[in-house]
Amino acid sequence: MASIIAAEGPTIRISGAGSSPDLLSVAADADVRAVEVGSTGVPALEPLVTVTDGDETAFHTACSTAEMDTIVASVAAGSDVRAAEPDAVAEHDPDTARFPAVDLSGLGGDRRRMLGGAGWRRPTNPADHEAAGGFGDPGPDAVLAAGEAIHGRGWGDICQDTPLTPTWETVRDTGGDPAVVVNGHGNPADALLLASAPYDVLDGATAVADCVGAEAVIVYASTADERAVETVREAAAEHPEGSPAIDVVAGPAEYRAAEPTMALEAVEGNHRLEARIRPPGPESVGLHGQPTVLHTPRTLAQLSASLRDGDADATRAVTVQGDVAAPVTVELAASATLADAVDAVAVDGEFKAACVGGRFGGLTRDLDVSIAPEPLTDADLGTEGTVQILAADRCVLEFVGKRAQFAADENCGRCVPCREGTTQLAELLRDIYDGSYAPEDIEELVRVMDTSSICAFGVEAGRPARTALAEFEAELQAHADGTCPTDSCPETVEVT
């Protein structure tokens, strides 16, 4: 099938995280063009059916088979896209290759640069991607220039919150046979990109490969993200010939397997995942001992968008989850705030706090903080791109206790500060239930973990507890005095 971008006549797109054979069959029976285009990142609206004709698109959220019957009948009759009573209508360039801006929660604004293809183009169709300006050949100088303005996204990126170009130059200067690894393990936005817009990620990866002289790209993802693995594998098989070879490797679902050096261990097939001591870092001694670039899909999609559009306008993908009616992944300008991200969800209860920055993010009640890395770091919050909402009935001590115990159970055991520190942290938090509240001991332990662990796992594992001490000191003290302010802790408290 030719590209659906600027196709003549109406096109029905079905967006969702899974296949929708019932909706497709309704269109097929009426001989109306309908295609599946992957998830938008806003599952509460899906299956989302859009009808595009020229410069207008109608949106039908959470579409049922009965509603699809009405939509298809309207299209078959040649009616206006508004005739089937859509939830919203957007006007746009008839040749648009990105999801149009529309006034629907989670899809508002015009900032979908990385996620523009998600829910709009068929994920594994090269014609759609090429019509959107993909499969370009930017050249090393253009790639190096773009990398100066882009910082790595996510804790699985070798350039987390730092510019990309210096690492690429190190890889080129080291010589040997460089490797490029796409680390798509464990983050919802990364999994969404691999499942809904894989060519945007692969465009960035192949551009980096050409820049550093790598002959192969390895895409690494968790076995838990089956759809992402399946889709990017299919996209790689359909990728144009002449580009670097692309291989897809699925690794264990353990949280620590996303850490850059443990990701390399998993790609190499090692059964025991341990962080590697640095220096030297992967940019000098990486996959199979070769200099290696390792970026997340968010980083590479950002690079792809910058090369395609010719500007470095930065955006951030943020996934909001936790005590919400439905999780969502939104793309926002870097100047947006946490409150802008939270506005995309319905909080399940009264808002109490947010854990910002992933599994080991920081707790805060203040959402008036920019989502850019520097403001988040200054506020002792994480930059991983996830926001976990805690409703009013959520016990903070139980929450951070579980995070500490998770760290104690899941660390790789390679370094003492992380291995022993996470165990001691869980014990200190558990002791609060017995009336022993020692904030100075917790702060000192977390400081040691932060300053002497060999990888981000140990550095960040104490942040939930540290920020809880700062934000919820009275609630922790209340537990030491024998009361849970939320009345949610069981009579015999367990934080494991």
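In this text the structure is predicted, and so the values were computed from the model without any measurement. All residue numbers in this chain count up from 1 along the given sequence.
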* Asked: Within the side chain of Arg227, is there an N or O that forms a donor-acceptor pair under 3.5 Å with the backbone of Ala195?
  -> no
* Salt-bridge contact Arg153-Asp190 (side-chain N to carboxylate O under 4.0 Å) -> no
* To do: Taking the side chain as every heavy atom from C-beta outward, state whether Thr337 and Leu367 have any atom pair closer than 4.5 Å.
  => no
* Asked: Atom CZ in Arg172, atom OG1 in Thr170: separation rounded to 0.5 Å?
  -> 11.0 Å
* **Any side-chain donor near an acceptor of the partner, Thr261 and Glu259, under 3.5 Å** => yes
* Would a distance-only check, ignoring hydrogens and angles, find a side-chain to backbone donor-acceptor pair under 3.5 Å from Asn270 to Arg272? -> no
* **Whether Glu331 side chain and Arg113 backbone form a donor-acceptor pair below 3.5 Å** => yes
* State whether Phe457 and Arg256 meet the cation-pi test: NZ (Lys) or CZ (Arg) under 6.0 Å from the six-membered ring centroid, and within 45° of the perpendicular axis. => no
* His295 vs Trp168 aromatic rings, parallel, tilted or perpendicular, using cut-offs 30° and 60°? -> perpendicular
* So Thr386 and Gln321, side-chain hydrogen bond (donor to acceptor under 3.5 Å, both in side chains) or not? Walk me through it. -> CA-CA 8 Å; Thr386 60; Gln321 53 195 10; 4.7 Å; no
* Run the numbers on Leu300 and Val182 for side chain to side chain contact (heavy atoms under 4.5 Å, CB included), then give the verdict. => CA-CA 8 Å; Leu300 293 167; Val182 181; 3.6 Å; yes
* Rounded to the nearest 0.5 Å, what's the gap from CD on Glu238 to CD1 on Ile246? Could you check? => 11.5 Å
* Could you state the interatomic distance from CD1 (Ile12) to OG1 (Thr57), rounded to the nearest 0.5 Å? -> 11.5 Å
* Quick one: list whatever passes side-chain contact (heavy atoms from CB on, under 4.5 Å) with Asp29, sequence neighbours left out. => none
* To do: Report yes or no: is the cationic atom of Arg98 (NZ for Lys, CZ for Arg) under 6.0 Å from the centre of the six-membered ring of Trp120, at an angle within 45° of the ring normal?
  => no
* **Ion pair check, Glu384 and Arg298, cut-off under 4.0 Å** => yes
* Using a 4.5 Å cut-off on heavy atoms from C-beta on, say whether the side chain of Pro282 contacts that of Leu294. => no
* **Heavy atoms from other residues, nucleotides or ligands near CD of Glu215 exceed 12 (cutoff 6.0 Å)** => no
* **Note, Cys355 side chain near Arg403 side chain (heavy atom, < 4.5 Å)** => yes
* Asked: Mind checking whether Pro47 and Leu23 have side chains closer than 4.5 Å, heavy atoms only?
  -> yes
* Asked: Between Glu265 and Arg276, does at least one N-O distance fall below 4.0 Å, as a salt bridge requires?
  -> yes
* Can you tell me how far the CZ atom of Arg316 sits from the OG atom of Ser335, to the nearest 0.5 Å? -> 11.5 Å
* For atom CG of Asp309, is the number of surrounding heavy atoms from other residues, nucleotides or ligands below 6.0 Å larger than 12? -> yes
* Under the 3.5 angstrom rule, does the side chain of Glu410 hit a backbone N or O of Glu254 as a donor-acceptor pair? -> no
* At what distance, to the nearest 0.5 angstrom, does CD1 of Ile14 lie from CG of Leu48? -> 10.5 Å
* side chain to side chain contact (heavy atoms under 4.5 Å, CB included), paired with Val328, selected from Thr319, Val318, Val42 -> Val42
* Find out whether Leu107 and Arg112 are in side-chain contact, i.e. whether some heavy atom of one side chain is under 4.5 Å from a heavy atom of the other. => yes
* How far does OG of Ser15 sit from NE2 of His60, to the nearest 0.5 angstrom? -> 12.0 Å
* Charged N to carboxylate O under 4.0 angstrom, Glu46 versus Arg13? -> no
* Donor-acceptor pair, side chain of Thr292 and main chain of Leu287, under 3.5 angstrom -> yes
* Give a yes-or-no answer on whether the side chains of Glu283 and Thr167 include a donor-acceptor pair shorter than 3.5 Å. => no
* Asked: Heavy-atom distance under 4.5 Å between the side chains of Ile4 and Arg121, does that happen here?
  -> no
* Stacked cation flag Arg359 on Tyr255, 6.0 angstrom / 45 deg -> yes
* Exam field: side chain Thr61 to backbone Leu45, donor-acceptor pair closer than 3.5 Å -> no
* **Heavy-atom closest contact (Gly134 atom, Asp203 atom, distance)** => CA-OD2, 3.5 Å
* To do: Take Gln302 and Leu164 through the test side chain to side chain contact (heavy atoms under 4.5 Å, CB included) and record every step on the way to the result.
  => CA-CA 11 Å; Gln302 190 79 42; Leu164 310 182; over 6 Å; no
* **Minimum-distance pair of heavy atoms, taken over all atoms of Ala235 and Tyr199** => O-OH, 3.0 Å
* Would a 4.5 Å heavy-atom cut-off, applied to side chains only, mark Asp157 and Asn183 as touching? -> no
* Which atom pair, heavy atoms only, marks the closest approach of Thr40 to Leu192? -> O-CD2, 4.2 Å
* **Neighbour count above 12 (heavy atom, 6.0 Å) for Glu226 CD** => no
* Verify side chain to side chain contact (heavy atoms under 4.5 Å, CB included) between Val369 and Leu376, making sure each step is shown before the conclusion. => CA-CA 7 Å; Val369 179; Leu376 291 174; 4.1 Å; yes
* Asked: Do Leu264 and Val181 come close enough that some side-chain heavy atom pair is under 4.5 Å?
  -> yes
* To do: Determine the interplanar angle of the Phe135 and His129 rings, folded into 0 to 90°, and report it as parallel if under 30°, tilted if 30 to 60°, perpendicular if over 60°.
  => perpendicular
* Over all atoms of both residues, closest heavy-atom pair of Gly251 and Tyr220 -> CA-CE1, 3.7 Å
* Would Asp161 and His151 count as having a side-chain donor-acceptor pair, cut-off 3.5 Å? -> no
* So which heavy atom on Leu338 is nearest to which on Val387, and how close? -> CD2-CG2, 4.0 Å
* Asked: Is there a donor-acceptor pair closer than 3.5 Å between any side-chain N or O of Ser222 and the backbone N or O of Gly186?
  -> no
* Asked: Donor-acceptor pair, Asp225 side chain versus Ala191 backbone, under 3.5 Å?
  -> no
* **Where Phe351 and Arg365 come nearest, the two heavy atoms and their spacing** => CE2-O, 3.8 Å
* Dump the intermediate steps for side chain to side chain contact (heavy atoms under 4.5 Å, CB included) on Arg33 and Val75, then the final yes or no. => CA-CA 9 Å; Arg33 178 169 56 207; Val75 170; over 6 Å; no
* Asked: Checking Ser196 side chain against Ser39 main chain: does a donor-acceptor pair fall under 3.5 Å?
  -> yes
* Asked: Are side-chain N/O atoms of Asp22 and Thr65 paired as donor and acceptor at under 3.5 Å?
  -> no
* Please test Ser3 against Glu130 for side-chain hydrogen bond (donor to acceptor under 3.5 Å, both in side chains), starting from the C-alpha separation and ending with a verdict. => CA-CA 8 Å; Ser3 169; Glu130 191 166 19; over 6 Å; no
